[in-house]
Amino acid sequence: MTDRRWPATLTEGDIALRPLRQTDARRWREVRRRNLDWLRPWEATLPPEAKSEGDAIPTFGMMVRRLRREAREGRTLPWALVYQGNLVGQVTVGGIAWGSLRAGYVGYWIDSAVAARGIMPKAVAMALDHCFDALALHRIEINIRPENTASLRVVQKLGLRYEGERAAYLHIDGDWRDHVTYVVYAGDFPDGVLTHYLAEGGR
């Protein structure tokens, strides 16, 4: 792994997390188009009140500029997920708070063409280790719709703690959806989340 805070590029075998960049636009759009139906049930959407206030879904360029700004401010880590040299998804650490909280959350998505190969558990583990080792965060959470069995497998494979339920937590696929929360704390895996996952078989 290289670098300490941001920009940071993390590698494990043929998997890499690197900063999302404007030149990813064509590949990002192509992957998203192919995976529209695969991702729609789990994607954040804007509620009517946000739309009435003038909020709009950003273009790719707008999204990258916003994420870069938030990364410079220490509030997010926006990674492109790369597998065998190709962009296949994203892993983002967001909502980073410092001070007495030192916490954040992780969100992710992956191309269905390479799903179920153990890529995402490794990528999330790499991101978590960076948060604890390089940023000295204390707590990271992952919030998942209870129907999203593929995403639940990621946190279960990594051995994250189940914390509880959050009713109507996020506006997803056109409505306010319940989520379940999994957490990991600094020190839960003394040798690192990735090392623990690989020692358990890494599937």
* **Where Leu77 and His130 come nearest, the two heavy atoms and their spacing** => CD1-CD2, 4.0 Å
* Gln156 side chain near Tyr182 side chain, heavy-atom distance below 4.5 Å -> yes
* Asked: Do Trp98 and His138 have their ring centres less than 6.0 Å from each other?
  -> no
* **Glu200 vs Tyr197 side-chain heavy atoms within contact, under 4.5 Å** => no
* If only atom types and distance count, is the side chain of Arg177 paired as donor or acceptor with the main-chain N or O of Ile144 below 3.5 Å? -> no
* Asked: Is there a side-chain contact between Leu81 and Met120 (heavy atoms, below 4.5 Å)?
  -> yes
* To do: Using atom types as modelled and distance alone, determine if a side-chain donor or acceptor of Thr45 lies under 3.5 Å from a backbone N or O of Gly174.
  => yes
* **Residues Arg18, Asp24: salt bridge by 4.0 Å N-O rule** => yes
* **Any donor-acceptor pair under 3.5 Å from Asp129 side chain to Met126 backbone** => no
* **Cluster check Leu135, Val91: I/L/V/M/F/W/Y, side chain < 4.5 angstrom** => yes
* Charged N to carboxylate O under 4.0 angstrom, Glu30 versus Arg26? -> no
* To do: For the pair Arg153 (side chain) and Pro121 (backbone), establish whether a donor and an acceptor sit closer than 3.5 Å, ignoring hydrogens and angles.
  => no
* Cluster link Tyr185 to Val193, ILVMFWY, side chain under 4.5 Å -> no
* Do Ile119 and Leu39 share a hydrophobic cluster, counting only Ile, Leu, Val, Met, Phe, Trp and Tyr and linking them when any side-chain heavy atoms are less than 4.5 Å apart? -> no
* Do we see a donor-acceptor contact under 3.5 Å between the side chains of Tyr162 and Thr181? -> no
* Asked: Thr76 side chain to Val93 main-chain N or O, any donor-acceptor pair under 3.5 Å?
  -> yes
* Can the positive tip of Arg32 be found less than 6.0 Å from the middle of the six-membered ring of Trp38, inside 45° of the ring normal? -> no
* Starting from the C-alpha separation in whole Å, work towards a yes-or-no answer on side-chain contact (heavy atoms from CB on, under 4.5 Å) for Arg65 and Arg68. => CA-CA 5 Å; Arg65 286 191 294 273; Arg68 280 182 175 173; 5.8 Å; no
* Asked: With distance as the sole test, does Tyr83 use its side chain to make a donor-acceptor pair with the main-chain N or O of Gly89 at under 3.5 Å?
  -> no
* Mind running side-chain contact (heavy atoms from CB on, under 4.5 Å) on Arg21 and Val64 for me, showing each step along the way? => CA-CA 7 Å; Arg21 50 196 183 219; Val64 172; 5.6 Å; no
* Asked: Can you find a heavy atom in the side chain of Phe189 that is under 4.5 Å from one in the side chain of Val184?
  -> yes
* Structure fact -> Rounded to the nearest 0.5 Å, the NE2 atom of His196 sits from the NZ atom of Lys157 at a distance of 13.0 Å
* Asked: Is a side-chain N or O of Gln90 found less than 3.5 angstrom from the main chain of Ile110, in a donor-acceptor match?
  -> no
* Asked: Do other residues, nucleotides or ligands put more than 12 heavy atoms under 6.0 Å from Glu43 CD?
  -> yes
* Rounded distance [0.5 Å steps], CG in Leu67 versus CD in Glu70 -> 6.0 Å
* Asked: Can you check whether Val180's main-chain N or O pairs, donor with acceptor, with Arg166's side chain at less than 3.5 Å?
  -> no
* Shortest non-hydrogen contact from Ala125 to Leu158? -> CB-CD2, 3.9 Å
* Approximate separation, where rounding is to 0.5 Å, of Asp178 CG and Tyr169 OH -> 12.5 Å
* Test applied, side chain to side chain contact (heavy atoms under 4.5 Å, CB included); reference residue, Val154; option that passes from Leu160, Val124, Ile142, Asn148 -> Val124
* To do: Over all heavy atoms of both residues, which pair between Ala80 and Leu87 is shortest? Give the atoms and the distance, please.
  => CB-CD1, 3.8 Å
* Asked: For Ala113 and Arg34, which heavy atoms make the closest approach, and how far apart are they?
  -> CB-NH1, 4.3 Å
* Asked: Would you say Leu194 and Leu198 make side-chain contact, with heavy atoms under 4.5 Å?
  -> yes
* **Tyr105, OH atom: more than 12 neighbouring heavy atoms under 6.0 Å** => no
* To do: Run the salt-bridge test on Glu141 and Arg161 with the 4.0 Å N-O cut-off and return the result as yes or no.
  => no
* **Minimum side-chain heavy-atom gap Leu170-His179 below 4.5 Å** => yes
* What is the minimum heavy-atom distance between Tyr108 and Ser151, and which atoms define it? -> OH-OG, 2.7 Å
* Is there a donor-acceptor pair closer than 3.5 Å between any side-chain N or O of Asn35 and the backbone N or O of Val31? -> yes
* Without swapping roles, check the side chain of Trp79 against the backbone of Thr9 for a donor-acceptor pair under 3.5 Å. => no
* Contact check, side chains of Leu137 and Ile96, non-hydrogen atoms, under 4.5 Å -> yes
* Asked: Do Leu128 and Val106 come within less than 4.5 Å of each other through their side chains, counting heavy atoms only?
  -> yes
* Decide, yes or no, whether a salt bridge links Glu163 with Arg139 under the criterion of side-chain N to carboxylate O below 4.0 Å. => yes
* To do: On the 0 to 90° scale, with breaks at 30° and 60°, tag the Trp176-His171 ring pair as parallel, tilted or perpendicular.
  => perpendicular
* Asked: Ala71 and Pro78: which non-hydrogen atoms are nearest, and at how many Å?
  -> CB-CD, 3.9 Å
